[in-house]
Each structure stands twice: as structure tokens, then as C-alpha cells.
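Notes follow the structure.
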2 protein chains.
Amino acid sequence: MSVVQMVKIVGLGAVALTLSVEWLGWLFCRLWPRKISRGPLKEVFFFPTEVACTERLFTPNSPFPCPCPLPHNINTSFTRLLVHILSASSSLDLCVFAFTNLDLSRAVLALHTRGIPIRILTDMDYTLITGSQIGAIRRAGICVRCDSGAVHMHHKFAVVDGRRLITGSLNWTLTAIQSNKENILVTEEPDLVLPFISEFQRLWDVNDPARRHLLSIAEKPASTIERQRNTEKCLYGQ
Amino acid sequence: MSVVQMVKIVGLGAVALTLSVEWLGWLFCRLWPRKISRGPLKEVFFFPTEVACTERLFTPNSPFPCPCPLPHNINTSFTRLLVHILSASSSLDLCVFAFTNLDLSRAVLALHTRGIPIRILTDMDYTLITGSQIGAIRRAGICVRCDSGAVHMHHKFAVVDGRRLITGSLNWTLTAIQSNKENILVTEEPDLVLPFISEFQRLWDVNDPARRHLLSIAEKPASTIERQRNTEKCLYGQ
């Protein structure tokens, strides 16, 4: 068999292989559309969620089973949310209106203990509500900035490792998780994640305490002293 | 040239073409990743938004320019939200905690006038707030169901034509649109849209007034008469 013939046969073989793979892929997608992973991570979960023990997520290597009376080793919307938060390996940017949930606070503190950089943006007024975890988080040394410019900093999103977006209607409170009807959407789709990363950075810069302090000196009239006091409470600890 | 030779040449040509197209596609994606439309619609926008005239969205064929003093013909986060709502051609399913915004109410009523089936699920307590549009919408003949089972029905999502999801932190109120820091995410990604469609249908069925009425007769003690009254106010008009 000459070289030319060999090249032609290999060529025809390659065509047949390419077309077969394309066709098989198409057929597979048509027959089992839900089994094919279509691009980046996309998940949705709804609340309220069943109450379950979350101890195993925080101490996965513990040899002792948790003795609490709650159901163990079940997946709920809340455990899935915690898994996504705890999966952070390089950064966590959190922009949340109300933050009172103890498990989520524990997750953030666990990441901080692991040395993962964390930035938290929250609503100034809502740092003062009963049970707010912002004080404890700030005292642990995590960088928190408070938004006081809007009526409410009403976002509820987090960006994990600069690529995974967690967003929805859910505030980080016990009522939201166990009582309200809420939703959470998790995605790594760049077209959806990148705008949130930009918006976080913009809000982070706008709410730089140094910048705001300068603005407040230049602009604020005497009548806003009470608001100024609240800002300082929020900026420098409750 | 024999038939066999012809087949071989065509085969080689097909290989070359296939590989070239694959390679060019890959190269284009690498060089201009943001210019390639990657699958279904994906959009994100943030609030607060600039205040602009929305008249042209409701009366696109009017020969008279709107005389109002607001800026005209500019795209804002809010006009984009309105465009998505008004794009409905076969259905609108709306699941929203608070609904007081007049422009969004006008958009829903405009769709109803066009004969588009609309279903609205909302929080029972929040139908009673000042400026709630739920009463006007119900009086126009649009089907509304109120959730009274949870502490709050806190969702803020809509599904347009059974394929376009609009979700985020934004309630349908003027404060949310013009004052708060909020986000809206719009997508036609099936993996994200389908769970919301299922959840809407589940909540819609759960909050069927007939079903709830039977349950309330069977279960509710006399001490909940006040709540029952509120439910009825919500179900049968304010």
C-alpha cells in the first residue's frame, strides 16, 4: 500500500470517527438531556428546609458521632448551601442584608481560621439587629464594611473563590432558612458571575471607611450626628 | 479520476473542513470570549436605577412624544426589567413578596389586556401594606393566590413564557427600584429555569383557596379567627 493510499484511508477513517462522535453526542443529548452536564455548575434550591445536624460539615474527620437529637447525614437545602460556602479555598466575598444565622457564621469563621481571605459587605442598620453575627465576625478579625448610602443594602449574594456565585432571596437568618419560602441559585456561569464580582468590588470601594469618613466631614450637616454615631458603631465594633 | 479516488478526496476535504471549523471556533472563543453568545440568554442588572420615563415601553406606537420632565429613551436596569416582563407572549407566572410599584403593575395589567394568562403568588400579609397593587390586579380579573403558610413568602421571581426566569433580591416596590442596592438576574438556562417553574407550580397548588379552606375548617382552632379574616380579605379582595 502506497503512502498516498494510506493517507487517504486514514483521512476517511478520521471523517467517519468525527461524524460518529458528533452524532453519538447529539443522540445522547436527545435521549438523556438531564444526564449530560451542560457547561458550568448550575444549582437551585428552595427553603424552608428540614432541620438537620450540620456538625459533620464542620468536623468531617471527627471519630465521634454527633449526639444531638437532630437527623444526621441528610442533605437539605441548608446543608448544600453550607457545603458551597465551606468549599471556598481562595476567597469569599459576601454581600448580605441580614446575617444572624449561627451555622453560617460558624462557616465563615471556619474559613477565616483556614486563612481564606474574606470580605463582608452588609447593611449598616441591620448590623444592629438582635442576634447579628457581624460583631462576632469583625471581632474575629474578618474585614467587614457597612453600606449606609442606600435605604437598604438589600443584596443576598456571595462569590466563592472568584468563580462560584450564590444568590437569591435568602437572607442569612434562621427565619429565612427554617420558616420563609426562599430560593438560592448557585452557578459558575461566567456571564452571571462576573457582573456580581464587579458590583461587589464597586460597593466595596464605595464603602471604604476612610473614603466615607472624608466624605462625611466634607458633606454632612450637624443634623446627621445620630446617623454618624451609628456608622461609627458599625465600623468600629458594636 | 475513478469514483474511489473521488470519494477519498471528498473524504479528506471533509476532514480538513471539520478540523478547520472546530479549530477556528476554539480560537475565536479564546480570543474574544465575551463576544461569543454562550448558549441561552443570561443577563444581570443592579439597582438603584436612574429614574427615566417608561411611557415608550407601554405606548411604542404613539405618535406623540411623552411631555413628562423625566429623561426619555434611555436604558436603565428598570426599563430592562420592564422590557423582559412586557416581552411575555404566552404566560407570566409571578411569585413576589411585596408588589407596590405602579409601572410594574401597569405592565402586568397591559399583559392581561393582551389576553396573556397571568398567575400571581404573593405573601398574604404584604397584600395589606400601603400601596399594594394586588387589590387592583385582582379587581382586573387576574388570578392571585396568597401564601399564608410560611412566616414570609419571600420569593421575588417571575417566569415569562415558561422559559425566561427573572429572579434576585428585588421586590416589586419603588423603594427597591429607586433606593435600595438590589440585583436582578435574567436567564433562559433550562437547568436554572425548570426548578423555579416546578416550585411555582407546587406553591400554586398548595395555596389553592379551595384546598386551604378545607384544611382551615378541619384544622384551625377558634383562636386563629383573626388570621382567617385576613386570609379571606386577601382571597376575596381588600
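Each chain gets a letter, A, B and so on, in the order the sequences are listed, and its residues count up from 1.
Within residues 74-82 of chain B, no residue has any heavy atom under 4.5 Å from a heavy atom of chain A.
With hydrogens and angles ignored, the 3.5 Å screen pairs no side-chain donor or acceptor of A:D191 with any backbone N or O of B:K42. Not one N or O on the side chain of A:N180 forms a donor-acceptor pair closer than 3.5 Å with the backbone of B:M153.
For A:L17, no part sits under 4.5 Å from any heavy atom of chain B, backbone or side chain. For a residue to count as touching a neighbouring chain, one of its non-hydrogen atoms must lie under 4.5 Å from one of that chain's; by this rule A:L185 touches chain B with the side chain only. For chain B, no part of A:Q178 is nearby; none of its heavy atoms comes within less than 4.5 Å. With a 4.5 angstrom heavy-atom cutoff, A:F157 touches chain B only via side-chain atoms.
Test A:K156, A:H154, A:H155 against B:N183 for side chain to side chain donor-acceptor pair (under 3.5 Å) and you get one pass: A:H155.
With chain B as the partner, the residue from A:F47, A:F46, A:F97 showing the most heavy-atom pairs under 4.5 Å is A:F46.
With sequence neighbours left out, the salt bridge (charged side-chain N to carboxylate O under 4.0 Å, His left out) criterion links B:D93 to B:R119. Taking the salt bridge (charged side-chain N to carboxylate O under 4.0 Å, His left out) definition, one finds that B:R211 meets it with nothing, sequence neighbours left out. With sequence neighbours excluded, the residues that form a salt bridge (charged side-chain N to carboxylate O under 4.0 Å, His left out) with B:E188 are B:R163, B:R164.
A:T175 contributes atom OG1, which lies 8.5 Å from atom NE2 of B:H152 (distance to the nearest 0.5 angstrom). Taking CD of A:E43 as the start and CG of B:L192 as the end, the distance is 10.0 Å to the nearest 0.5 Å. Atom CG of B:N171 sits about 9.0 Å away from atom OG of A:S169, to the nearest 0.5 Å.
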